[in-house]
Amino acid sequence: VKLTVKTLSTHFNGPYLLAQRACGLLWSLTYNNDWGKQQVGEYGGIEVLCHVIQARISHPTILLNACGALRNLSAHPVNKTRVSHEFILQTVINVMDKHLEEKEIQEQACVVLYHVCSDEPSCQAVGRLGGVVAIIRAAEQHQNQPEVLYECFGVLVRLARTGVLQAHDTEERSLQLARIAPVIHPDHEGLRKYAEALLPEWKAPSLLSGATFHPATAAVLGNESNSAPTNLAGPSSDFSMAFNNGLTVPGSS
């Protein structure tokens with residue numbers, strides 16, 4: 001762990017393949033491994049991963065590996081303070097903004113924000129740094145991808161419960177998404193529960209009347225009713241990539 005973090009710190013802007021494999025190794029080492037998560041955090045790996053992201057912002061494969069590692073790291077309570085730092089949050093949100101069409105990156109980044117948004121100050125920081133809009137844009141862009149929607153909705157529910165979602169003039173767009181998700185993905189129980197939680201959270205059904213819907217939403221939106229929220233299960237804490245041919249990810253060069 002220490003050698004990998006040190007190598008990344010020294011060569012974060014070095015050879016492409018080195019950065020890709022080192023980030024992928026940290027992703028793998030922190031999967032279901034509390035000791036690994038704590039060690040990476042203590043050796044400064046979270047900050048190093050963010051420096052790699054900033055230096056490699058145009059390379060989706062490296063970004064995916066780095067965001068996957070941050071996802072695992074952010075699930076550990078010891079790392080929460082580190083990940084909640086504005087520099088880290090801004091880096092994650094910037095990745096979401098710059099790679100909106102990369103669904104795997106959006107998914108990993110959303111789970112990082114979900115883990116961070118466990119208290120009101122952290123939710124406020126995410127909102128202040130543009131995270132609310134980034135999450136909604138990701139959900140709109142990937143509304144046909146239930147795994148991305150699920151992670152987005154998990155963060156939106158936490159933001160709604162602290163009042164951050166309502167404070168950023170995003171209620172209408174979020175309500176539209178909450179209405180359409182169970183229609184597009186009727187068999188996804190977790191997604192349906194999050195959607196049900198969002199709608200009554202604001203007690204603002206009037207926002208559904210006369211709304212101008214996202215084009216993809218308008219095509220399939222019906223008049224389905226919404227039931228009361230039920231118990232929610234958060235996103236999975238860890239995610240592991242099956243690395244092939246020297247820790248490369250599927251689809252990478």
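Index from 1, following the sequence.
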Exercise. Which atoms form the tightest heavy-atom contact between Val78 and Arg82, and what is the distance?
Worked result: O-NH1, 3.5 Å
Exercise. Can Asp34 and Gln38 be counted as having a side-chain donor-acceptor contact under 3.5 angstrom?
Worked result: no
Exercise. About how many Å separate CD of Glu86 and CG of Leu129, when rounded to the nearest 0.5 Å?
Worked result: 4.5 Å
Problem set entry | Polar side-chain atom of Ser122 near backbone of Ser118 as donor-acceptor pair, under 3.5 Å | no
Exercise. Under 3.5 Å, is there a donor-acceptor pair between the side chain of Glu151 and the main chain of Val148?
Worked result: no
For this session: May I ask you to decide whether Arg192 forms a salt bridge with Glu189, counting only side-chain N to carboxylate O separations under 4.0 Å?
Result: yes
For this session: May I ask you to check whether Glu104 and Gln108 show a side-chain donor-acceptor distance below 3.5 Å?
Result: no
Exercise. Hey, does the side chain of Asn65 reach the backbone of Trp27 with a donor-acceptor pair shorter than 3.5 angstrom?
Worked result: no
For this session: Identify the residue among Ile135, Val112, Val133 that makes a side chain to side chain contact (heavy atoms under 4.5 Å, CB included) with Met96.
Result: Ile135
Problem set entry | Lys80 NZ: over 12 foreign heavy atoms closer than 6.0 Å | yes
For this session: Verify the neighbour count for atom NE2 of His188: are there more than 12 heavy atoms of other residues, nucleotides or ligands below 6.0 Å?
Result: yes
For this session: Report the distance from atom CG of Leu149 to atom CD of Glu107, rounding to the nearest 0.5 Å.
Result: 10.5 Å
Exercise. Within the side chain of Thr170, is there an N or O that forms a donor-acceptor pair under 3.5 Å with the backbone of Leu165?
Worked result: yes
Seminar exercise, completed: Test ring-ring contact (aromatic ring centres under 6.0 Å, His included), reference Tyr194, set Tyr114, Phe153, Tyr150, output is Tyr150
